[in-house]
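Here's the structure we're looking at; comments come further down.
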Amino acid sequence: MTGIRLYNTRTRTKEDFVPFDAMDVRMYVCGPTVYDRAHLGNARPVLVFDTLFRLLRHVYGADHVRYVRNFTDVDDKINATAVARKEAGAEGTLEDLIHQRTEETIGWYHADMDALGAMRPTAEPRATEYIGAMVAMIQGLIDKGHAYEVSGHVLFDVRSYPEYGRLSGRSVDDMIAGARVEVAPYKRDPMDFVLWKPSDASLPGWDSPWGRGRPGWHIECSAMSFELLGTSFDIHGGGIDLQFPHHENEIAQSCCAHPGSDFARVWMHNEMLLVEGKKMSKSLGNFFTVRELLEQGYPGEVVRFVMLSTHYRKPMDWTAEKAEQATLKLLAYSRTCERFAAGYIPDSSRASAHVIEALADDLNTHLALATLDAEHKKAEQMGDARTLADTMALLGFINFEGPISPEHEWIEKKGFDLNALAEKLAALRAAAMETKNFASVDALKSALIAAGVEVRMSKAGVELVPGAGFDAAKLDGL
RNA sequence: GGUGGGUUGGCGGAGAGGUUACGCACCGGAUUGCAAAUCCGUGAAGACCGGUUCGAUUCCGGUACCCACCUCCA
């Protein structure tokens, strides 16, 4: 069996991965707050942990891996949208409008992540479905002396948990010294965080022993991971920005609620995303959603390829140039598969061992892609692209089930019959060979190139292939 | 202020204490009406200063610069 090694944020070392139960490997990843379209940064953890999910399934068997990713559907931004809609005259109660908003956002999220080739997790629990579990966990924390109720709020007492700060390498005292946040007067300690907060009539709320209210952000992951994966599970993932305070708080809650448990054994954090070297932000004007990117014509596979070309623990810089290169690569692979594996049904379980090896080494996706490139070369030399196809399937660039399509979807989508033009060019060329006047041939050729078509002329004939920047509109009149 | 990470050839980006990473670009060759695509080949690196070592880009220490988190943004 392939030995997987993973970098554990908790110990800050790369460790051999040993699951609690090889027949039931369990992973929890913090999912999105469903208030709006997913932006490109949201896609990174999705693709990183999708790749890990695929690797785990490959190593332990598809039926022996469970992957839980939550939807946070309790959030003030969601509430704000719902309130705004209500004020604009929308029908229904506030609860209806909130539900509507989260439903449509989840639909978008699924559509967008599907387009990137991300598999759906085994379970996608919503916070609102686990309010009871959260209330129970909060009550347990109060009973054990780790939480206290004050003016309608329930707060976690960080001083009751000596390990607090261990994941992020901070001490409570240091954090207080550098705190930038205004401290609520009712807190016993400035670092205490909210488990439950009161809701007034204008906000969604649930009945609880502490009055009508709603849960704090951190408790949902503790409650849902416990309900679905148990007190101890193998991997907990998310963006590095969640390391503190979110994950620190999760650990405090879960370990205090279930003394003696390990909670998550391995903590994995992906680094952030940059766009053209800068942090993606609305103010810099380099903020965009996955959907916008797809609508601009970037195929999901290309986004995936670019994302995987940087190791997950390094900042990932999204650039147009990388997308361009990724497109060319994928086109080349696709053509090789078309030539040397037409009709073949890819089987990810037969993927290249070298690629598996690269992934098993703390998800070295960049090396995996370099190896994929070598597989491509080999496929060309051997005239057999089956392993290339199998490996592409494992990495999520080809559907698991379907056979290789004649061309990748993004070329097909732009569907344009180039045969007529190819024949025309061939005829012109044949004539020019006689007359030695190549002016008309060159004119047509440049027009085709300008439209993003690759022109291949050899003794065997003329071949036209739509390239990365193919634009059918520019072919009008040729 | 606290915590963590980074600095590799023109660009992107890895592994390994000593043997070519790789890709893209460039250059040379084959091929082509000219190209493109393809194939073959060459060149090019390890922020700075010390230390350990027979030998470091790879280990250790320091300096500089950059970045992220500490704000319910992945």
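Quantities reported herein were computed from a predicted structural model and do not represent experimental measurements. To find a chain, count down the sequence lines: A is the first, B the second, and so on, and within it residues start at 1.
Look at CZ on A:F244: it is 9 Å from P on B:C70, rounded to the nearest Å. Spacing between atom CZ of A:F156 and atom P of B:C72 amounts to 18 Å, rounded to whole angstrom units. The interatomic distance linking A:Y28 (OH) with B:A74 (P) rounds to 13 Å, in whole Å. With rounding to whole Å, A:D36 atom CG is found 16 Å from B:C72 atom C1'. Rounded to a whole Å, the CG atom of A:L167 is 16 Å from the P atom of B:C69. At whole-Å resolution of the value, CE in A:M272 and P in B:G4 are 18 Å apart. Following rounding to the nearest Å, A:E248 (CD) and B:G2 (P) show an atom-to-atom distance of 19 Å.
Between the side chain of A:H269 and the base of B:A74 there is no donor-acceptor pair of N/O atoms closer than 3.5 Å.
Nucleotides B:A14 and B:U7 are separated by 8 Å at their P atoms, to the nearest Å. Distance check on atom C1': B:U31 versus B:G46 gives 37 Å, rounded to whole Å. Between B:G43 and B:C27, the distance separating the two C1' atoms is 8 Å to the nearest Å.
Under the 3.5 Å distance criterion, with hydrogens and angles disregarded, no donor-acceptor pair is assigned to the side chains of A:Y67 and A:D50. The closest side-chain donor-acceptor pair between A:H269 and A:T9 falls under 3.5 angstrom.
A:D373 comes within 4.0 angstrom of the backbone, heavy atoms only, and of no base. A:G238 comes within 4.0 angstrom of sugar-phosphate atoms only, judged by non-hydrogen atoms across all strands, and of no base.
Checked against side-chain hydrogen bond (donor to acceptor under 3.5 Å, both in side chains), A:R10 has no partners two or more places apart in sequence or in another chain. With sequence neighbours excluded, no residue forms a side-chain hydrogen bond (donor to acceptor under 3.5 Å, both in side chains) with A:H99. By the salt bridge (Lys or Arg N to Asp or Glu O under 4.0 Å) test, A:D112 pairs with A:R37, A:R291, sequence neighbours left out. Looking at residues two or more places apart in sequence or on another chain, you find a salt bridge (Lys or Arg N to Asp or Glu O under 4.0 Å) between A:K14 and A:D361. Among residues two or more places apart in sequence or in another chain, the side-chain hydrogen bond (donor to acceptor under 3.5 Å, both in side chains) test is passed with A:K329 by A:D373. Here A:W267 pairs with A:H236, A:H247, A:F263 under the ring pair (Phe, Tyr, Trp, His ring centres under 6.0 Å) rule; sequence neighbours left out. Applying the salt bridge (Lys or Arg N to Asp or Glu O under 4.0 Å) rule to A:E375 yields the partners A:K378; only residues at least two apart in sequence or on another chain are considered. Scanning for side-chain hydrogen bond (donor to acceptor under 3.5 Å, both in side chains) contacts around A:D157 gives an empty result, with sequence neighbours left out.
Cation-pi contact between A:R69 and A:F49: absent, since separation from the ring centre below 6.0 Å together with deviation from the ring axis within 45° is not met.
Listed by first and then second residue, the side-chain hydrogen bond (donor to acceptor under 3.5 Å, both in side chains) pairs that reach into residues 443-456 of chain A are A:E454-A:R456, sequence neighbours excluded.
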- line: Each nucleotide of nucleotides 32-45 of chain B classed B (base within 4.0 Å of a protein heavy atom), S (only sugar-phosphate) or -, in 5' to 3' order, makes SBBBBS--------

- request: At under 4.0 Å between heavy atoms, which parts of nucleotides 11-16 of chain B does protein reach? Answer with one letter per nucleotide, 5' to 3': B base, S sugar-phosphate only, - none.
  value: -SSSS-

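Taking a pair as Watson-Crick or G-U wobble with both distances under 3.5 Å, RNA chain B forms stems of 3 or more consecutive pairs at B:1-7 with B:64-70, B:10-12 with B:22-24, B:27-30 with B:38-41, B:47-51 with B:59-63.
Along RNA chain B, the nucleotide nearest A:L273 and the nucleotide nearest A:K329 are compared for position; the residue whose nucleotide lies closer to the 5' end is A:K329.
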